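Only one structure is covered here, and it is reproduced in the block below.
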Number of protein chains: 2
Amino acid sequence: MTSEYRRDVFQAIADPTRRKIIDLISQQPMNLKTIAEYFDISRPAISQQIKILIECGLVEVKRVGRETYCTIQPGELKKIADWAGQYAGLWEDRIDSFEKYVNKLHTKKNKKYGKFK
Amino acid sequence: MTSEYRRDVFQAIADPTRRKIIDLISQQPMNLKTIAEYFDISRPAISQQIKILIECGLVEVKRVGRETYCTIQPGELKKIADWAGQYAGLWEDRIDSFEKYVNKLHTKKNKKYGKFK
DNA sequence: ATAATTGGTAAGCGTATGCTTATATAAATA
DNA sequence: TATTTATATAAGCATACGCTTACCAATTAT
């Protein structure tokens, strides 16, 4: 784990606590204490979770006096939306049978090379 | 873990191997052996990963003879895209200045306690 | 019929994860 | 100045994770 280490953002959002933190600070920046009030776990636990969110670039932190304000960095969230969104074609017209699936793939191919048909 | 147990889909996509499996079978249904050829890990390992993908509804399986064909179930992927996509507003007009936020807070506070000032 | 192929499951193992409590530090408050 | 507050970090611990090998069942090929 060097200094340029960047944690996998998909691994980061796997934890429901971290997703809730993201949700909270996406509405407005929040210091750690305020965030912790939304959970039943200790503040060190929250601190550790935030550290993970920082390491993968989902959260940025600014120290103001003794408080640490957390703000969201939406860029990494966009990467996730893009990854899942690349399969949008699959849920447009839903495939519920193996045969249909094969058919659809075939159609796609035809579309792609349609001008050569 | 009862029969109606459903694994967290965010946890499921946290593993890079599982994401690669998703990527492979999103292009076309594939049996386990074929999938395994894309990896350096054992077939039982792949089998276990696929089981997890089934448990969270990302993959459906069809037994044909002795082969097990895996097809993607895009519905759960849409949930992920929706979750990440709900923050789209944040990356459109980005709030990158903490000062802006403090300003906003200050305004709020003044509103709240303004009459006692 | 026998052997090979495909894949599922169990046991075991090293490592990662997510929490706790204890301790330390810096900043605000009385 | 002494105390409280906000936070970070370390150590420890139980559990989850992801892989391996060993084994079994079912299907296909020889």
Side-chain angles (χ1 to χ4, degrees), chain A residues 1-3 5-22 24-25 28-56 58-71 98, chain B residues 1-3 5-25 28-56 58-71 98 101-102 105-106 109:
Chain A
M1 174 171 164
T2 60
S3 64
Y5 166 76
R6 184 155 259 217
R7 188 183 284 264
D8 185 334
V9 68
F10 287 92
Q11 191 272 333
I13 61 161
D15 184 76
T17 298
R18 287 194 290 266
R19 286 202 300 279
K20 192 172 169 185
I21 292 174
I22 289 170
L24 286 168
I25 68 175
Q28 62 175 304
M30 229 174 248
N31 65 9
L32 195 145
K33 191 214 170 196
T34 309
I35 294 171
E37 284 167 359
Y38 290 87
F39 297 89
D40 288 330
I41 58 178
S42 69
R43 273 195 268 181
I46 299 292
S47 181
Q48 289 157 18
Q49 298 288 37
I50 290 172
K51 192 180 182 187
I52 289 169
L53 293 172
I54 294 168
E55 283 171 1
C56 73
L58 275 169
V59 164
E60 210 176 44
V61 129
K62 180 165 187 177
R63 196 81 197 237
V64 177
R66 62 185 162 181
E67 298 173 47
T68 296
Y69 278 86
C70 303
T71 60
F98 178 83
Chain B
M1 174 171 163
T2 62
S3 64
Y5 165 77
R6 185 155 260 215
R7 188 183 283 263
D8 185 335
V9 69
F10 287 92
Q11 191 272 331
I13 61 160
D15 183 77
T17 297
R18 287 193 291 266
R19 287 201 301 277
K20 192 172 168 183
I21 292 174
I22 289 170
D23 191 49
L24 286 169
I25 67 175
Q28 60 175 307
M30 229 175 248
N31 66 8
L32 195 144
K33 191 216 170 195
T34 309
I35 294 170
E37 285 168 358
Y38 289 86
F39 298 88
D40 288 331
I41 59 179
S42 69
R43 272 196 270 183
I46 298 292
S47 182
Q48 289 157 17
Q49 298 289 36
I50 290 172
K51 192 181 181 187
I52 289 168
L53 293 172
I54 293 168
E55 282 170 3
C56 71
L58 275 169
V59 164
E60 210 177 45
V61 129
K62 181 170 185 174
R63 195 84 196 235
V64 178
R66 63 185 163 183
E67 298 173 47
T68 297
Y69 278 87
C70 302
T71 60
F98 177 79
Y101 161 69
V102 173
L105 252 195
H106 188 64
K109 230 179 190 164

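From a predicted model like this one, the values you see are computed outputs, not experimental measurements. Sequence lines set the chain letters: A, B, ... in the order given, protein chains first and strands last, and positions in each chain run from 1.
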B:F39 CZ - D:dT20 C1' separation (whole Å): 17 Å
A:R66 (side chain) and D:dT5 (base): donor-acceptor pair under 3.5 Å: yes
Sugar-phosphate, base or nothing in reach of B:S42, heavy atoms under 4.0 Å: base
Between C:dA26 (C1') and A:L32 (CG): distance, integer Å: 15 Å
For atom NZ of B:K33 and atom P of C:dA4, their distance in whole Å: 15 Å
Short side-chain N/O contact to D:dA6 OP1/OP2 from A:R63, under 4.0 Å: no
Any A:S47 side-chain N or O less than 4.0 Å from OP1/OP2 of D:dA8: yes
Interatomic distance, A:Q28 atom CD to A:M30 atom CE [nearest 0.5 angstrom]: 5.0 Å
Phosphate OP1/OP2 of C:dC19 contacted by A:T17 side-chain N/O (<4.0 Å): yes
Residue met sooner reading DNA chain D from 5', once A:V61 and B:I52 are mapped to nucleotides: A:V61
Under 4.0 angstrom between A:Q49 side-chain N/O and C:dC19 OP1 or OP2: yes
Heavy-atom donor-acceptor pair, A:Q48 side-chain to D:dT7 base, under 3.5 Å: no
Phosphate-side-chain proximity, A:R43 and C:dT20, N/O vs OP1/OP2 below 4.0 Å: no
The helix from C:dA1-D:dT30 to C:dA30-D:dT1: angle between end helix axes, five pairs per end, rounded to 10 degrees: 10°
OP1 or OP2 of C:dT6 under 4.0 Å from side-chain N/O of B:T68: no
Interatomic distance, B:N31 CG vs C:dG8 C1' [rounded to whole Å]: 14 Å
A:K20 NZ/CZ over A:Y38 ring centroid, <6.0 Å and within 45° of normal: no
Residue B:I41, side-chain heavy atoms: nucleotide from D:dT20, C:dG7, D:dC17 that is nearest: D:dT20
Candidate nucleotides C:dT20, C:dG18, C:dG8, ranked by approach to the side chain of B:P44 - the nearest: C:dG8
Check: D:dT28 base within 3.5 Å donor-acceptor of B:E67 side chain: no
